[in-house]
There are 6 protein chains.
Amino acid sequence: MITSTLTPLQITPVVTMALNEDAPWGDLTSQTLIPADATAEASLVAREAGVFSGGAVFAAAFELLDSAVVVELLVADGAAFEKGATLATVAGPARSVLQSERVALNFVQRLSGVATLTAAYVAEVEGTNARIVDTRKTTPGLRVLERHAVRCGGGHNHRFSLSDAVMAKDNHLAVLTYDGRRSVTDALLEVRAALSHTTHLEAEVDRLDQIEPVLAAEVDTIMLDNFTLDQLRTGVAQVAGRAIVEASGSVTLSTVGAIAQTGVDVISVGALTHSVRSLDLGLDVTLTAQPEN
Amino acid sequence: MITSTLTPLQITPVVTMALNEDAPWGDLTSQTLIPADATAEASLVAREAGVFSGGAVFAAAFELLDSAVVVELLVADGAAFEKGATLATVAGPARSVLQSERVALNFVQRLSGVATLTAAYVAEVEGTNARIVDTRKTTPGLRVLERHAVRCGGGHNHRFSLSDAVMAKDNHLAVLTYDGRRSVTDALLEVRAALSHTTHLEAEVDRLDQIEPVLAAEVDTIMLDNFTLDQLRTGVAQVAGRAIVEASGSVTLSTVGAIAQTGVDVISVGALTHSVRSLDLGLDVTLTAQPEN
Amino acid sequence: MITSTLTPLQITPVVTMALNEDAPWGDLTSQTLIPADATAEASLVAREAGVFSGGAVFAAAFELLDSAVVVELLVADGAAFEKGATLATVAGPARSVLQSERVALNFVQRLSGVATLTAAYVAEVEGTNARIVDTRKTTPGLRVLERHAVRCGGGHNHRFSLSDAVMAKDNHLAVLTYDGRRSVTDALLEVRAALSHTTHLEAEVDRLDQIEPVLAAEVDTIMLDNFTLDQLRTGVAQVAGRAIVEASGSVTLSTVGAIAQTGVDVISVGALTHSVRSLDLGLDVTLTAQPEN
Amino acid sequence: MITSTLTPLQITPVVTMALNEDAPWGDLTSQTLIPADATAEASLVAREAGVFSGGAVFAAAFELLDSAVVVELLVADGAAFEKGATLATVAGPARSVLQSERVALNFVQRLSGVATLTAAYVAEVEGTNARIVDTRKTTPGLRVLERHAVRCGGGHNHRFSLSDAVMAKDNHLAVLTYDGRRSVTDALLEVRAALSHTTHLEAEVDRLDQIEPVLAAEVDTIMLDNFTLDQLRTGVAQVAGRAIVEASGSVTLSTVGAIAQTGVDVISVGALTHSVRSLDLGLDVTLTAQPEN
Amino acid sequence: MITSTLTPLQITPVVTMALNEDAPWGDLTSQTLIPADATAEASLVAREAGVFSGGAVFAAAFELLDSAVVVELLVADGAAFEKGATLATVAGPARSVLQSERVALNFVQRLSGVATLTAAYVAEVEGTNARIVDTRKTTPGLRVLERHAVRCGGGHNHRFSLSDAVMAKDNHLAVLTYDGRRSVTDALLEVRAALSHTTHLEAEVDRLDQIEPVLAAEVDTIMLDNFTLDQLRTGVAQVAGRAIVEASGSVTLSTVGAIAQTGVDVISVGALTHSVRSLDLGLDVTLTAQPEN
Amino acid sequence: MITSTLTPLQITPVVTMALNEDAPWGDLTSQTLIPADATAEASLVAREAGVFSGGAVFAAAFELLDSAVVVELLVADGAAFEKGATLATVAGPARSVLQSERVALNFVQRLSGVATLTAAYVAEVEGTNARIVDTRKTTPGLRVLERHAVRCGGGHNHRFSLSDAVMAKDNHLAVLTYDGRRSVTDALLEVRAALSHTTHLEAEVDRLDQIEPVLAAEVDTIMLDNFTLDQLRTGVAQVAGRAIVEASGSVTLSTVGAIAQTGVDVISVGALTHSVRSLDLGLDVTLTAQPEN
């Protein structure tokens, strides 16, 4: 039922920036090699299977350069496709199509790469209650786009930024309680009182014995950081539904399934966005010189 | 002798943007958990070996948020380091250090990942005349930084953008000569005449028989696209020093050595920037609450 | 323990914009009437009692125009002061002090107005468990500053934006359930499943009989919109701690106390930011012409 | 005959900024609760009587987010309306209509509040020659919009900024003449000679005996600051048409009529923009889910 | 007594933009040819005589790139200098000095060119009452700087923009009175009533018989457009001090003196900014490699 | 075959900036003198002969302010025209046409001035092999536009910026070789090795005996700076086709022909952009008040 969408307000500034970055004083190649009145047709073709993401960004890379270019998206964001599938078509002035090509691909390949990788993680936890979530380890400037791609792959988002949820880590708790006059529980209760009632409070623990003091402060989520599978199982049993349980730390495609089986609610995976392989999507272009030339 | 450097004009806007993206209305966690007068000391530690890149960007992520934070870089951009090495130290108000941490790491991990991957490619071609170069398959918004990282890894840069060199591909040549009235050589000579005398002219060929017509137009570089090793050797012999020879297409760490052995001058590798694993660098933070609290 | 603070990243752009807005091509009066080497001393004086907010913004209005101006804040944000109190001092080149005066006052008067009004509401609910919170009815462009001012006045913040919490209103629920195939409870459960685990889910109800279906979906907060005092008391009893209870709608200084007595947890007050009287703070300036003039 | 209008160049940047401020990473509520193909119709309804201002800004808040939304303005800027009047209609994709609602209202409520308050002041001086004018005590970032709103209410604008007119206050004059070698008259004559011939020169006086020296310098406007009604009458007689006479200082709705009766030409009222109550305008929204859903 | 000055708020954005325009991804020459630790000393030398303008802009072009560069201005804006004079010195890292050189010169040569040309016009009208003023025919983006340069040359400024004064031209008047029901005088009186009391009203006339109707509306300035010297004399006599008289149209260095002799108050000269020869100023650079290299 | 074109991405930001600069809070004259429903027709007319440049920028100055204005370009960029020719027509709301007039003219007059001056230089070298090229002495902020204008006049562009080609001047070479351990040739060979293979390497020489060492490093272009005609001839013979030969220094319309006769390939002329007279183009406007007014 939910459809993750991006609006022009989110797309236009970053695509405009990228187009300027890639052609600060125009496309010399197109201007010298391509007649002004030549036209082009192009297809975005999948050179490998995957999950699509960034269709609207791909389209904007052409349309923001030249409103005479028409892009038709054949696959919706979030849809899986096979190798060889045609994902979109592009038509318009040849100079403009060729100038936008690389920028358009840079976006859609990266975002589809994120979505495809996310989908692989999601597939590994199928049948469990665990959801795969992203982290703040995103590419500077592309967080809105990359988190959309995670949702396209069936993942969920963690907090977007430092401004919309609180995550209390060991360092924080050490400072809060450093002189022994105050317990972790009391410290977190004070924090809760200071926060907006809409702000989610999550605390990280490194050992099983840290769980109870944190739960006593009624945190919303408890993160079990770098726990073994056994420890995770024990932790989940100990929490017993009193908070959301998040597993974190060194999660890979080969370990995520077992982690999900421990009963945790959320598994955060930095690799979804910090180590992404661009998906192999290519643009097949056909140029058409005008007959009267 | 060359030192690749980044200036504040290149660093400040992108780091400021990233800091705002990560905390649009401040760091709730620091503001609620950390006393305003607590201080922190932190070390940037290598959790794996690699080549450093992005030190000045790492520093700016702290200093642009709070000029009271002091960053000392212990390793120069371009230097190799071992697992466990301390790469930089950070000291200042604890709230600020913790707020900048993730943004600083997102930059330096990515750039050091690019530099380290580049260095691996460069190592594979050691002893040959081939240089490893990047492509325009960079992260939107980060091209200046990522190309710097390639240089840190011992690689070279290809053209920066569509504005500073010409690359004539098959599509372009097809249009230029579509009606048979003009040869590829004549078409390229006309292009050359139209270009600035400082603009590099490179042409891509897909087959050996395309080499001579292109060379006849005195292009500066000829790109042999998706050639086999045998074809590359033949091509290099055929060009015979009349142009720079670039090999391109599906280059991997396992194939790059053999490609270099064919005698090509330049090997372009999109993977240097389009499929990067962030290097595992971490920030070890020690918080210090003020005694009088 | 919490100190609401603003960072230069939050202050600099909006103050720079305001300085440019107020002097697009310089301050003609200062440049023609004031000798370049004249200096000025000034005091920010309270012409009425209130709660201070925006000290750092006030200072930035001088320092961003001319780094030679020195501002000393004598009162911390959040502190109450009496009529006649001196809140800050300013010293530096007279031209710069006079050019920045109006912009500095426009900010600090407005923010202190918000803080003072908030404090009045907070005083009315003293002794109850209710907290006073703001809304999204803020001045375009000044949300970060105005919400800081609310905290300075002892209030709390509601969600910052449409991006960091969900508020399901009657219209939303009507659409979700319009064809009768799905209950409100089921619809909200689906929404919950789609959201990030850190996203707060609040639902608005207009009648007492809507409470149970919403609670059955385990919303985090239930907003009782435009309820009478009796209805609020009944609603609080009915919720019985299963969710945070927010009262909303036409809250004034004269009604807020009674509303708080009904046992609600949160009272949102749009007037904190949408109808603010600038506090009467003035700058007493003494100009000093240089002796040698 | 004059129609105060705002152009897209004036509206687009500030509205875009406000939309981004209110939804930095999208509207979670609309995206999770509202089907992508649902549509909405909405009416902007007056919950109290007033004078309209900001229609084009209201429309832009919808149209800049989503060009598929259609806004029809039923009342022109500057027109008075009764409680219950429908001022505009909005129709389009439900997600977009709901996302823009609060930003659109924040603008139009504030601007109509300014226009309505201005109209009240203007009504009080009807039948006199005095005009009501605004000051530089505007909301940072909104000066162009708020001054338009003042004109919508029948008021006039004072100087826009420090750059387009000169206002010599007591402090300025004290410096200009501090050593007794030069009279106020001579000092102002020098200033006049230095200014552009198009720059208006206004001088502020605090006492009746300051009027003649200032008039001798042929200032364009003389401001009588914090004069009693008697002093104003005397001052007007003394000036005798040799300059425009402006009354300033602590003007309220209850005193403005009497001030106007003294014969002054201009009465400046800071409260028009520094202490504004947003007018109570609401958006009545009807959502329509698509039949085929 | 008046000193025309530019503030960092006016200089920083335009100089930053120019530095980025001139080195979008750094200065390849400096980075490859100049050792990182080499230093440079440079002098700004006049290769011809002139009037200086833009010293602070020149300095900013170095300091904004690299805060380690120190610029000392030896001549104040507005001062005349002889050929061969040293106007400023620059010292700092050689790479930075060389990278900023061209941008710094582009600004200071242009602005000193404007100042020098203005001074030539001003010299021609010496001994008369006429002042030389600029127009809106400035370089897009540089209006604040170029108008400062005009003042450095002894000229005055006309209105800055369309927003700060009114200029009624023949076209405007034709429309205002097109149906004969209203006289020019009545039309202008209505305009005056609609304007802010601080807005200067200027009307342009093409013929002597248009003067009286315009004066009857008490305009502040009357512009005699493309009048012969005789017509100007007659016009001045006719106006007889009732308004400021501006001469405009095809003014050159050889005609301006005679125009001034007719008794007009203001002579506007578009050529001051629309057709400027950059003054010949050069930077003499001495590089110093570090001894230990 | 080459057509120099500008895209909206290149035009929109600079024209928007100029429109805001010229009317920061609207066009007072149009708003008070012109009825809102009046329309205007206008023609861009050549008051002198020249070469056209900037048609798309001229059009954008109207269309970006008001999309209801329609501009038709009658002459293509790069075309020569006679005095009296009509170059474009404009039609739309009179207020908008009049508000944009000056900005539109400021751009098109300057760019056509550059194109016309360039064409004069190009005409002087007709029949030789020399091409006329621009320099980096452009107006800050307008480099993309002015270089386009140079191409419109039949000239070519030199390097765009410090980032896209290397120019080794005497200072650079002095540092590279200062301690005598390394020859100029060796130093330049090292630079070449460090540069991207697409980066053009140009070296400047001041004396004939510097040519051989530079050529030995296989530079792409050698610049003969301030050579006499005899020296140029000798230099060309000495280079003998081993590099492109550029003449530079104090080139004027009266000397350029003889310089071209020496056989140099490229003549760079700073005056093309640093000392430009705006071409005399005017807008003839006809206003049409609506009949029903």
Side-chain angles (χ1 to χ4, degrees), chain A residues 14-15 17-18 21-30 32-35 38 40 94 98-99 102-103 105-107 109-110 113 136-143 161-168 171-176 178-179 187 191 194-195 199 274-278 285-287 289 293, chain B residues 14-15 17-18 21-30 32-35 38 40 94 98-99 102-103 105-107 109-110 113 136-143 161-168 171-176 178-179 187 191 194-195 199 274-278 285-287 289 293:
Chain A
V14 72
V15 173
M17 174 277 297
E21 181 186 53
D22 194 44
W25 56 95
D27 178 0
L28 297 183
T29 307
S30 288
T32 52
L33 276 82
I34 308 294
L98 289 167
Q99 179 170 345
R102 174 49 42 214
V103 169
L105 286 174
N106 281 352
F107 277 111
Q109 289 185 279
R110 171 178 301 265
R136 286 168 46 240
K137 298 177 182 176
T138 55
T139 308
L142 304 185
R143 188 169 291 177
S161 72
L162 294 170
S163 297
D164 58 299
V166 164
M167 172 87 76
N171 270 323
H172 298 121
L173 298 180
V175 170
L176 278 175
Y178 75 104
D179 59 1
V191 167
L195 290 172
T199 302
H274 78 51
S275 294
V276 177
R277 187 175 64 77
S278 288
V285 183
T286 309
L287 298 193
N293 269 3
Chain B
V14 73
V15 173
M17 174 276 298
E21 181 186 52
D22 194 44
W25 55 96
D27 178 359
L28 297 184
T29 305
S30 289
T32 51
L33 275 82
I34 307 293
L98 289 168
Q99 180 170 346
R102 173 49 41 212
V103 168
L105 287 174
N106 280 353
F107 277 111
Q109 289 185 281
R110 171 178 302 265
R136 287 170 43 242
K137 297 176 182 177
T138 54
T139 307
L142 304 185
R143 188 170 290 178
S161 72
L162 293 170
S163 297
D164 58 299
V166 164
M167 173 85 76
N171 271 323
H172 299 120
L173 298 179
V175 170
L176 278 173
Y178 75 103
D179 60 1
V191 166
L195 290 172
T199 301
H274 78 50
S275 295
V276 177
R277 187 174 64 78
S278 288
V285 183
T286 309
L287 297 193
N293 268 2

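As a basis for the values below, the full set of heavy atoms in this structure was taken, side chains included, without hydrogen atoms, waters or symmetry mates. To find a chain, count down the sequence lines: A is the first, B the second, and so on, and within it residues start at 1. Remember, it's a predicted structure, so these values are computed and weren't measured experimentally.
Across B:Leu105, B:Thr29, B:Thr286, B:Leu142, the residue that shares the most heavy-atom pairs under 4.5 angstrom with chain A is B:Thr29. By number of non-hydrogen pairs under 4.5 angstrom with chain A, the leading residue of B:Pro24, B:Ala18, B:Pro140, B:Ala168 is B:Pro140. Counting heavy-atom pairs under 4.5 Å between each of B:Ala94, B:Ala40, B:Gly141 and chain A puts B:Gly141 at the top. Chain B forms more heavy-atom pairs under 4.5 Å with one residue of A:Val285, A:Val276, A:Asn106, A:Asp164 than with any other, namely A:Asn106. Residue with the most contacts toward chain A among B:Thr138, B:Val14, B:Val15: B:Thr138 (heavy-atom pairs, distance under 4.5 Å). When the candidates A:Met17, A:Glu21, A:Met167 are compared by the number of heavy-atom contacts under 4.5 Å with chain B, A:Glu21 comes out ahead.
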### Evaluation steps, side chain to side chain contact (heavy atoms under 4.5 Å, CB included), between B:Arg102 and A:Lys137
CA-CA 7 Å; B:Arg102 173 49 41 212; A:Lys137 298 177 182 176; 3.5 Å; yes
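Among all heavy-atom pairs drawn from B:Arg277 and A:Ser275, the shortest one is CG-OG, 3.2 Å.
For A:Leu28, the side chain to side chain contact (heavy atoms under 4.5 Å, CB included) test picks out B:Val166, B:Thr199, with sequence neighbours left out. Residues meeting the side chain to side chain contact (heavy atoms under 4.5 Å, CB included) test with B:Ala165, sequence neighbours left out: B:Arg159, B:His200, F:Thr198.
Checked by atom type and distance alone, the side chain of B:Ser163 pairs as donor or acceptor with a backbone atom of A:Gly26 at under 3.5 Å.
With a threshold of 4.5 angstrom between heavy atoms, B:Gln99 approaches chain A through its backbone and through its side chain.
A salt bridge links A:Asp22 with B:Arg136; the closest basic N to acidic carboxylate O contact falls under 4.0 Å.
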